Amino acid sequence: MSGGPDTGTGFGAKLSEDGIVETFDNDDDALDAVENGVVVCDYFISTFLILPIEFSGEDRIQFLHNQSTANFECLQEGQGCDTVFVTPTARTIDIGHAWIMVIFMPSFLYNRAFLSRQSSLISFLNKKFACTEECSYIGSLTDDQWKHNSNAEEVNRMPVTVAAGNIISEEGFSLLMSPAAAGTVWKTLLSQGAIPMGSKAWETFRVFQGGTTLTFAGRPAPGKELTDEYNVLEAGLWNSISMNKGCYKGQETISRLITYDGVKQRLWGIRLSSPVEPGTPIIVDAKKVGKLTSYAAGRNESEHFGLGYIKRKAASEGDTVNVGDNAVGTVVAVPFLARQCPPPSKSSNS
């Protein structure tokens with residue numbers, strides 16, 4: 001499901017060959033509205049496809065708790081968090097944002113977790129969960145008129161759940177609904193002044209867009225920063241990892257990496273002198289020390305930014321690196337990664 005025509009082509013959307021809405025010809029306005037207004041993004045028509053994962057039974061929360069890195073047992077109804085699915089060696093399969101939504105239905109309860117679609121994750125989940133029909137997921141950003149709680153409403157007699165936080169911003173909101181309700185909700189949001197965001201502006205925002213409130217700039221993405229080439233600690237996803245819950249897949253490896261200071265590289269933002277293709281090597285003193293994983297052009301011809309992994313001892317914030325043969329980069333801290341909270345080092349005083 002692509003979100004349907006009511007959430008795409010009817011509002012000036014320009015689609016790529018594979019059906020992704022690249023832009024609404026308003027990229028600058030959308031990026032401005034993230035900080036100064038309201039942005040609405042339907043992930044079905046951008047780079048994400050959100051799947052509802054439905055599970056029931058008294059041990060449903062414990063089951064998810066044991067399959068990923070976050071602590072679900074400390075969450076209350078309506079609360080959510082990022083969680084990472086990892087391999088036994090702590091390599092990343094995918095990151096998801098999950099809410100504890102207890103919805104009363106005839107004869108049973110179920111929770112829903114909404115996760116971006118990656119073939120390896122779907123293969124994993126199909127062994128664990130019963131994947132049901134797809135639903136639309138719309139993230140609305142920085143709307144002070146909405147309260148920070150989860151609230152079930154109806155559109156055309158179909159339920160729409162409002163949850164605090166979303167994939168882009170902790171200060172935003174998530175609207176979870178059936179595809180049949182998505183068009184009406186989308187039109188209503190735009191009629192009230194919300195600005196639609198396409199995948200090109202979304203990627204610019206995800207990688208580096210500046211500002212005082214855009215705390216999710218620098219968020220790693222599946223298939224780019226999150227692959228089986230890197231472990232979850234190298235990706236800097238400390239806030240998604242519980243250090244004190246019981247055993248879960250990858251937990252032993254994560255514990256060893258922390259105990260023995262085994263994280264050898266880390267993810268950084270890199271301000272670039274020119275465009276660079278993802279996959280280009282990062283070089284210091286004529287030696288390859290890392291790789292660029294994402295690139296986004298800025299809002300003028302002189303702005304170029306990327307994300308990339310660099311060996312820990314090779315460079316740090318403020319250092320200059322070469323990226324490929326022609327580009328020069330400056331290593332910078334990006335808000336999402338800067339907000340992650342690793343445990344105190346063994347040398348720090350308790």
Side-chain angles (χ1 to χ4, degrees), residues 68-72 74-75 79-87 90-98 115-116 164-172 205-227 229-245 248 250-251 253-271 282 290-294 296 305-319 330-348 350:
S68 63
T69 60
N71 187 345
F72 285 91
C74 68
L75 298 179
Q79 291 183 321
C81 65
D82 280 344
T83 191
V84 186
F85 292 86
V86 298
T87 69
R91 304 288 173 167
T92 54
I93 298 173
D94 206 345
I95 186 173
H97 195 89
L115 304 143
S116 59
N166 59 36
I167 292 173
I168 308 175
S169 171
E170 289 178 336
E171 298 181 0
F205 171 59
R206 179 188 74 83
V207 174
F208 87 98
Q209 178 64 24
T212 58
T213 64
L214 308 188
T215 55
F216 272 49
R219 181 183 176 94
K224 297 182 179 181
E225 291 74 37
L226 304 180
T227 72
E229 190 174 350
Y230 309 106
N231 68 56
V232 64
L233 302 186
E234 292 171 337
L237 296 173
W238 296 95
N239 292 357
S240 305
I241 301 169
S242 172
M243 302 298 177
N244 54 18
K245 76 172 187 173
Y248 58 91
Q251 183 265 339
T253 299
I254 290 173
S255 294
R256 287 197 300 270
L257 288 170
I258 295 172
T259 300
Y260 299 106
D261 195 23
V263 181
K264 303 302 182 184
Q265 59 186 336
R266 61 170 290 183
L267 187 61
W268 286 100
I270 304 173
R271 192 171 296 278
I282 298 170
K291 183 172 71 174
L292 196 76
T293 51
S294 289
F305 207 87
L307 298 173
Y309 285 94
I310 302 176
K311 292 181 180 178
R312 284 177 56 187
K313 297 182 179 180
S316 58
E317 185 176 0
D319 288 347
T330 301
V331 178
V332 298
V334 284
F336 179 82
L337 297 174
R339 291 172 56 249
Q340 302 295 309
C341 299
S345 65
K346 292 182 290 185
S347 60
S348 62
S350 58

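Only this structure's heavy atoms are used, side chains among them; waters, hydrogens and symmetry mates stay out. If you're wondering where the values come from, they're calculated on a predicted model, not measured in any experiment.
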Residue pair L267 / Y230, side-chain heavy-atom distance below 4.5 Å: no

Looking at side-chain heavy atoms only, is the closest gap between D82 and L237 below 4.5 Å? no

Looking only at heavy atoms, which two atoms of S294 and V207 are closest? And how far apart? CB-CG2, 4.1 Å

Looking at K311, I want to see if its NZ is surrounded by more than 12 non-hydrogen atoms of other residues, nucleotides or ligands under 6.0 Å. no

Considering non-hydrogen atoms only, spot the tightest contact between G218 and L337 and give its length. O-CG, 3.7 Å

Which pair of non-hydrogen atoms, one from A70 and one from S242, has the smallest distance, and what is that distance? C-CB, 4.3 Å

Worked verdict on I254 versus L233 for side-chain contact (heavy atoms from CB on, under 4.5 Å): CA-CA 8 Å; I254 290 173; L233 302 186; 4.2 Å; yes

Short side-chain to backbone donor-acceptor contact, T69 and S240, under 3.5 Å: yes

Heavy-atom pair with the smallest gap, counting every atom of L226 and A235: CD2-CB, 3.7 Å

When you compare the side chain of T259 with that of R256, does any pair of heavy atoms fall below 4.5 Å? no

Can you measure from CH2 (W268) to OG (S316) and round to the nearest 0.5 angstrom? 6.0 Å

Donor-acceptor check, side chain of T293 to backbone of L307, threshold 3.5 angstrom: yes or no? yes

Side chains of I282 and I270: closer than 4.5 Å at any heavy-atom pair? yes

Kindly determine whether R91 and E234 satisfy side-chain contact (heavy atoms from CB on, under 4.5 Å), including the steps that lead there. CA-CA 9 Å; R91 304 288 173 167; E234 292 171 337; 4.3 Å; yes

Indicate the atoms forming the closest heavy-atom contact of M243 with P343, along with that distance. CE-CD, 4.0 Å

Using side-chain contact (heavy atoms from CB on, under 4.5 Å), reason through T253 and N231 one step at a time and then give a plain yes or no. CA-CA 10 Å; T253 299; N231 68 56; over 6 Å; no

Within the distance-only criterion (no hydrogens, no angle test), does the side chain of R219 pair as donor or acceptor with the backbone N or O of R206 below 3.5 angstrom? no

Flag the pair D319 / I310 as yes when at least one side-chain heavy-atom distance between them is below 4.5 Å, and no otherwise. no

Is there side-chain contact between F305 and V334, with heavy atoms separated by less than 4.5 Å? yes

Test item: R312 side-chain N/O and V263 main-chain N/O as donor-acceptor pair under 3.5 Å: yes

Distance from Y248 atom OH to N71 atom CG, nearest 0.5 Å? 10.0 Å

Does any non-hydrogen side-chain atom of I95 lie less than 4.5 Å from one of P220? no

Please examine the side chains of W238 and C341, heavy atoms only from C-beta on, and report whether any two atoms are closer than 4.5 Å. no

In terms of heavy-atom contacts, Q340 and G236 come closest through CG-O, 2.8 Å

So does E225 get a backbone contact from the side chain of Y309, meaning a donor-acceptor N/O pair under 3.5 Å? yes

